[in-house]
Amino acid sequence: MEACDVLVIGGGPAGATAAALLASQGRKVVMLEKAHHPRFHIGESLLPANVALFDRLGVRDQIERIGMPKWGVEFVSPDHDHAAQVEFAEAWDKSMPYAWQVRRSEMDEILFRNAAARGAQAIEGCRVREVRFDADGADVLAVQDDGSRRQWRARFVVDASGRDTFLSNKFKAKQKNPRHNSSALFGHFRNAERLPGKLEGNITIFWFDHGWFWYIPLADGTTSVGAVCWPHYLKSRSKPLKEFFADTIAMCPALAKRLEAAELVDDAVYATGNYSYTSTHCSGERYLMLGDAYTFIDPVFSSGVYLAMHSAFEGAEVVATSLDQPARAADARQRFEREMRKGPREFSWFIFRVTNPTMRDFFMYPQNPFRVKEALLSLLAGDIHGKTPIWRSLRTLKAIYFAVCIVNPRRSWNAWRRRQRNIRDLGPLAGENILEAK
Ligand SMILES: Cc1cc2nc3c(=O)[nH]c(=O)nc-3n(C[C@H](O)[C@H](O)[C@H](O)COP(=O)(O)OP(=O)(O)OC[C@H]3O[C@@H](n4cnc5c(N)ncnc54)[C@H](O)[C@@H]3O)c2cc1C
């Protein structure tokens with residue numbers, strides 16, 4: 001049995017950030033990652049609020065080198081004859097105008113190696129199998145690629161296992177989100193058409209009948225394209241994934257046009273099953289859950305990596321308090337629980353309505369009375385945990401939304417009914433996690 005202060009399960013953005021911060025405090029940190037970096041991961045579009053976090057970790061230059069600058073978002077709707085462009089520079093706080101699109105294999109490796117460089121023992125090919133808590137800490141059992149077992153005695157455990165939700169499963173704390181339900185199909189394309197000049201790196205969101213598409217241009221010339229669709233649509237598939245994906249793209253003529261000359265890289269198409277969930281709690285006396293290990297919301301606003309890294313910054317402070325000042329740990333955990341619910345809650349209000357025609361109009365014709373556009377862009381930039389005073393304007397925007405819904409009762413009622421039908425629970429799809437099919 002080896003000993004450590006903190007054992008981190010998972011070396012993705014949340015785990016590697018937490019491990020780097022805790023190791024920098026001089027603690028003995030062990031981070032176990034079941035895969036080997038660079039490993040594939042989806043989730044390639046970052047938010048401007050990420051930039052400050054990379055800065056604080058000392059990796060901003062490295063991320064800049066692999067990233068495609070993303071200055072804003074383009075929205076394309078089948079019901080409007082124009083595309084809408086918004087720029088982060090128009091947000092409330094003008095000092096965070098851009099983010100990057102990244103290959104996650106590259107970004108996650110940078111974060112993982114950074115944690116090791118800061119003193120964390122970062123072990124790959126080592127899957128945590130069991131954690132047993134007692135009053136002073138936990139025994140952690142892990143199995144390496146060659147089948148050998150290793151055990152650690154840890155004073156504190158940080159679960160950053162992503163959608164594997166290691167501790168949430170153990171505590172039966174995982175709950176399906178009853179208000180949302182979606183699934184995704186995605187692949188990478190060569191020779192996809194790009195927007196001109198500075199717009200080239202922007203993410204495009206295309207709405208279509210069964211949900212929406214992301215279109216994420218990467219720095220190496222490939223473009224990540226994904227359909228986030230209702231589970232009943234994915235379940236209706238009766239042909240190979242690649243053909244089904246091609247048919248789905250054909251349902252969105254504006255996207256199909258951009259892909260006219262493009263070819264699928266390696267013929268690889270991926271699908272993920274239903275994936276919005278939360279956990280009843282994210283902390284205990286000897287553990288925390290970070291990032292996707294705690295909750296996952298729909299990716300339409302590219303919030304996942306930011307929320308995961310932000311949770312690691314907050315979480316590292318809670319771990320330090322729990323280890324150094326146990327008398328203050330309960331308060332720190334309470335604050336952490338509140339903070340962890342805030343981001344998903346604020347994004348979710350818009351996520352639940354993003355396919356609603358009223359909300360779509362807001363994105364297609366962005367207006368700025370009472371600074372509502374600036375506030376919304378700040379939310380889209382991830383600027384929700386600082387002091388930017390966007391909340392009154394966001395409440396105004398929500399009030400305007402309800403007022404517009406009320407004056408269009410038939411449209412609103414139909415949209416509500418359609419959504420209820422679309423998010424209905426059909427049981428598990430092909431799997432909770434990512435499957436690959438060619
Ligand atoms: C279809 C889709 C599209 C998305 N698009 C975006 C986007 O555009 N922008 C964005 O910001 N986010 C996006 N996301 C979300 C984003 O991918 C996640 O929110 C983000 O990766 C969370 O980081 P994490 O560190 O919590 O988890 P992960 O990145 O999943 O890292 C968890 C790590 O833990 C390891 N692990 C798991 N179990 C164990 C174990 N038992 N032992 C050891 N290691 C283990 C895994 O191998 C993995 O490396 C998307 C997600 C999906 C599904």
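Numbering of ligands and ligand atoms starts at 1, following listing order.
- Here the two rings, on W214 and F206, have centers that are 6.0 Å apart or farther.
- Short contacts between ligand 1 and G291, defined as distances under 4.0 Å to a heavy atom of the residue, involve ligand atoms 26 (O).
- Within the structure, the closest approach of G226 to ligand 1 does not fall below 4.0 Å when heavy atoms are considered.
- In this comparison of I216, I297, D292, V305, the heavy atom closest to atom 18 (C) of ligand 1 sits on D292.
- For the pair R163 and F296, the distance from NZ or CZ to the six-membered ring centre is under 6.0 Å and the angle to the ring normal is within 45 degrees.
- Aromatic pair F75/W207: ring centres closer than 6.0 Å.
- A donor-acceptor distance shorter than 3.5 angstrom exists from the side chain of D146 to the backbone of S148, with no hydrogens or angles considered.
- Annotation: A14 places an N or O atom under 3.5 Å from an N or O atom of ligand 1; distance criterion only.
- Using a cut-off of 4.0 Å between Lys/Arg side-chain N and Asp/Glu carboxylate O, R258 and E74 are scored as salt-bridged.
- Some N or O of P13 is nearer than 3.5 Å to an N or O of ligand 1, by distance alone.
- For A308, every heavy-atom contact with ligand 1 shorter than 4.0 Å involves the side chain, none the backbone.
- Under the 4.0 angstrom criterion for non-hydrogen atoms, R104 is in contact with ligand 1.
- The backbone and the side chain of S161 each have at least one atom closer than 4.0 Å to an atom of ligand 1 (non-hydrogen atoms only).
- When the options I42, V143, T295 are ranked by their closest heavy atom to atom 17 (O) of ligand 1, first place goes to I42.
- Remark: distances from the non-hydrogen atoms of A142 to ligand 1 are all 4.0 Å or more.
- Backbone and side-chain nitrogen or oxygen atoms of F166 are examined, and none is located within less than 3.5 angstrom of a nitrogen or oxygen of ligand 1.
- At distances below 3.5 Å, not a single donor-acceptor pair connects side-chain atoms of D139 with backbone N or O atoms of R132.
- At least one heavy atom of L32 sits less than 4.0 Å from an atom of ligand 1.
- Remark: ligand 1 and Y306 share no N or O pair separated by less than 3.5 Å (distance only, no angle test).
- Considering backbone and side-chain N/O of W214, none are found under 3.5 Å from N/O of ligand 1.
- At a threshold of 4.0 Å, the pair R338-E314 does not count as salt-bridged, since none of the basic side-chain nitrogens sits closer than that to a carboxylate oxygen.
- Taking only nitrogen or oxygen atoms, main chain and side chain alike, K34 reaches within less than 3.5 Å of ligand 1.
- When each of D298, I384, V300 is tested with F347 by the rule side-chain contact (heavy atoms from CB on, under 4.5 Å), just one qualifies, namely I384.
- In this structure, R129 does not count as a contact residue of ligand 1, since none of its heavy atoms falls inside 4.0 Å of the ligand.
- Contact check on E2 versus R153 returns no salt bridge, with no Lys/Arg side-chain nitrogen under 4.0 Å from an Asp/Glu carboxylate oxygen.
- Using a 4.0 Å heavy-atom cutoff, I9 is listed among the residues neighbouring ligand 1.
- Using a 4.0 Å cut-off between heavy atoms, A184 contacts ligand 1 through its side chain alone, with no backbone atom that close.
- A pairwise comparison of heavy atoms in A49 and Y306 identifies CB-CE1, 3.5 Å as the closest pair.
- Salt-bridge check for R127 with D145: failed, with every basic side-chain N at 4.0 Å or more from each acidic carboxylate O.
- Contacts between A160 and ligand 1, counted as non-hydrogen atom pairs separated by less than 4.0 Å, involve the backbone only.
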